[in-house]
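Below is one structure, written out as structure tokens, with a few remarks after it.
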Amino acid sequence: MSPPKAPTARPQLDPDEILAALNPPQQEAVRHVDGPLLILAGAGSGKTRVLAHRVAHLVASGVPPYQIVAVTFTNKAAGEMRDRIAGLIGAQATREATIGTFHAICARILRREGERTGLTRNFTIYDRADQLAVIKESLRRLDLDDKRFAPAALLVFIGQRKDELADPATAMRQATGFWEETGARVYEAYQRQLAESDAVDFDDLLLRVVLLFEQHPDVLARYQRRWTYLLVDEYQDTNRAQYRLCRLLAAVHHNLAVVGDDDQSIYSWRGADLRNILDFERDWPDATVVKLEQNYRSTQTILDAAHAIVSRLAGRKDKRLWTDRGAGAAVSIFDAYNEYEEAEFVARQVERLASSADRRRGWAGLLTRRADDAPAADAADGASGPLRFGDIAVAYRVNAQSRVLEEAFMRFGIPYQLVGGVRFYERREVKDALAYARLARNPADRVALERVINVPARGIGDKTVSELRAWADGRDATLWAAVEAATENANLATRSRAALAGFAELIRGLVTVAAGEPASSVLEACLERSGLRAALEDGSEEGEERWANLVELRNHAAEFDEVAAPEGLARFLEEVALVSDQDTLEERPDRVTLITLHAAKGLEFPIVFMVGLEEGLLPYARALDDERELEEERRLTYVGMTRAKDRLFLVHARHRSAWGSGGVEVEPSRFLADLPEDLLEVGGGRRGPSGLGWVRDGGTDDGSGTTPTVWGRIRPGLEPLRPERLPDLDLGSGTFGRTIPVASGEAATEATGEAAAAEATPPELAWRAGDKVRHRRFGDGIVVTSQWVSGDEEVTVAFAGHGVRRLVGSYAGLERIDGR
DNA sequence: TTACGGAGTGCTGAG
DNA sequence: CACTCCGTAA
């Protein structure tokens, strides 16, 4: 996303050549030049390819590259798009096009035009943690109780208002009830504080550009002239602000091409509005619609299974994916006793799949379980080479599920990489260092200032900071102004004044460095002068590790050194603020990828394990009482399944522990029951009547010999994970778990000495999963599970807005609000 | 002002 | 279990 350069001479491209390698619908999408275009692109239908070829075709047809803007969902996707386009039209011409995420493009626009809206070009982008700090400060200023008005809930409230393009006044007008009125007041205070800090949050990046365009038609007209061809990827995940942005930019020329798949819409919780794609044809009556239904990624079996999940959605755009790759292997279901066995199963399968024997013979043999079908050869992308760890991904609903998997992989010595989780930029020392860097550019950044004013400790305690706040509040000044004026502040102790003078001097020095030195030098100065380095180098192993992180941070900053000061630092901070989890994913051929289902969107792997297919996890507990949310869980399941190219494993456990407590019994996901039996092979678990209509009797291997199934047998010489939690694995005759001593309808019992005691407890539980209840404090919720714990019933309830709570039955005073 | 330990509490998802 | 918050002692 370098600044546009004057168009340069470029090699002549032949439009027909660009079309050559595409199928007919793809060609239609690429050949379409003027007017609105909706590309309904199913998973794996080659949409990135179509987008890239479309850009190339536009250029070949005479559109100057700088008039093209392509919007992607992540920076990583932008990079891939850029590479692909460069492969077609050359790097030189590609550099002239604008390719990036909505957020990055808007940040760039605001950097250039923001002064009309009261921002300086030094503005800071606040992340979620910063936002929470601002909300807490706003609550303090309004003298509100953060118990009654939970910062996280307010953040959601404010975010929703912004997604709808509602300002604080509008939010106040539309407020229903006291809580929302208060929310609107907090919203107003929050915005005021952002303005004081010369900062914007993620939503503001979009919102402010929309407002800028709406209030300054001249600016809008300039961008309309500049960008005459718009391409938007992942259109199903756009929110109202992004939608409005598209409409504004395309209002004159109508050259808006969007690509999306309503089946893959999984971000409604952050404002994505499915109507944007469903109503595209109504918004643009002259729209051309192209459906891409040929899939180049998965086997037909995987596609059929995935279709069974998604075909039950109401009001979806009708489409069905097909492939000419052949049926391929059955989808494998594994029924584990608990999450430890689940993880062990995955690890063992990974080990087996990547074993040297399989590697030598290639792994085509693994893909031909259904004998009537031709081998699922895929010469096109070379998938038939030796299988590597990097060909395997394990996907799960929530990050917390990764831990048990990591433990199992470590045990088995399987290399893995984790996407998401504790992110690099969220580590404390990294945030501290970045706070200094932010202050070096923008000392008004109050969140950064409060973060590091006493880090490392320099004798500026809470009392001193409170006095500074009072000084600033009384004068309507920034906290930084209060720091600078501290030497004249009689309310401060002499010692505090001295400490503050030192701190002010430190920041002023950093500001000077930031004005003229490259980004890495600024980082260097931040680390050294602040004392961060000295504080970390205390000889401890932890300190050493943290220091290593800061060195990495500085090295990353050095990548921006070629950009002249002060822009280099600005670019660095902007990129750091806008990186996504997916952006941090490296293509490591030697590592298994552990990833959330959300982050896995847009990726593909030859082999995918989806774990935790259980009621309460997928679908997630909080979605159980809401049909729309359930549909989103369904789409999320679909997204996960369609990541798999050749082999898909769906794994669920019968018992799962939640935050430290022992395992409770869980039901298999309803989505499993939607899968056609003839596409599946089932392993693990108890045989026979199990309440699962789809469980097949008999063993797990069909005897064809092409799938060397070893399920149900613990590997000799390897102790089971957490043996105390597992039933007698190695006594099971070919299958796991025999019969587990759990009375029907009753709570889970560990397969330990506790079992006997638990079995003696009275079995009548007042509550069961799915019951709708009301609690006097938490409001309405849904029972996730209920079990006997030391003589009382422990009810776990998911409350709307209050999270999942465990309550003691006899005290909770739960009220049944409907149903049984 | 800081360091420590115990208590309390929370797990969607993410730019 | 893993984090943050809070009170207390140094």
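To find a chain, count down the sequence lines: A is the first, B the second, and so on, and within it residues start at 1. In what follows, every heavy atom counts, from backbone to side chain, and hydrogens, waters and symmetry copies are set aside. Only a predicted model underlies this, so the values are computations on that prediction, with no experimental measurement involved.
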Requested in this report: Test for a donor-acceptor pair under 3.5 Å between the base of B:dG15 and the side chain of A:Asp203, counting only N and O atoms.
Outcome: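 In this structure, the two groups form a donor-acceptor pair.
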Could I get the full list of ring pair (Phe, Tyr, Trp, His ring centres under 6.0 Å) partners for [X], not counting sequence neighbours?
| X | value |
| --- | --- |
| A:Phe572 | A:His556, A:Phe560 |
| A:Tyr267 | A:Phe73, A:Trp269, A:His598 |
| A:Tyr187 | none |
| A:Trp471 | none |

It should be established whether [X] places a side-chain nitrogen or oxygen under 4.0 Å from OP1 or OP2 of nucleotide [N].
| X | N | result |
| --- | --- | --- |
| A:Thr596 | B:dA14 | yes |
| A:Arg622 | B:dG13 | no |
| A:Asn239 | B:dG15 | no |
| A:Thr101 | B:dG15 | no |

Every protein N/O lying under 3.5 Å from an N/O of nucleotides 1-4 of chain B:
unit_1: B:dT1; atom_1: OP1; unit_2: A:Gly461; atom_2: N; d: 3.1
unit_1: B:dT1; atom_1: OP1; unit_2: A:Thr464; atom_2: OG1; d: 3.3
unit_1: B:dT2; atom_1: OP2; unit_2: A:Asn454; atom_2: ND2; d: 2.9

To the nearest angstrom, how far is [X] atom [atom1] from [N] atom [atom2]?
| X | N | atom1 | atom2 | value |
| --- | --- | --- | --- | --- |
| A:Asp201 | B:dA14 | CG | P | 18 Å |
| A:Phe73 | B:dG15 | CZ | P | 8 Å |
| A:Asn399 | B:dC11 | CG | C1' | 9 Å |
| A:Glu339 | B:dC11 | CD | P | 19 Å |
| A:Leu155 | B:dG13 | CG | P | 15 Å |

Query raised in the report: In terms of side-chain heavy atoms of A:Glu632, which of C:dA2, B:dG13, B:dA14 is nearest?
Result: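 Among C:dA2, B:dG13, B:dA14, the one nearest the side chain of A:Glu632 is B:dG13.
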Query - Nearest-neighbour nucleotide for the A:Lys136 side chain, C:dC5, C:dC1, B:dA14 considered - result: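 Of C:dC5, C:dC1, B:dA14, C:dC5 is nearest to the side chain of A:Lys136.
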Report task. With A:Arg635 as the cation and A:Tyr638 as the aromatic partner, state whether NZ or CZ is under 6.0 Å from the six-membered ring centre and within 45° of the axis. Result ->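 Verdict for A:Tyr638: no cation-pi partner in A:Arg635.
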Query raised in the report: What pairs with A:Ser138 under side chain to side chain donor-acceptor pair (under 3.5 Å), at least two apart in sequence or on another chain?
Result: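 In terms of side chain to side chain donor-acceptor pair (under 3.5 Å), with neighbours along the sequence ignored, A:Ser138 is linked to A:Gln193.
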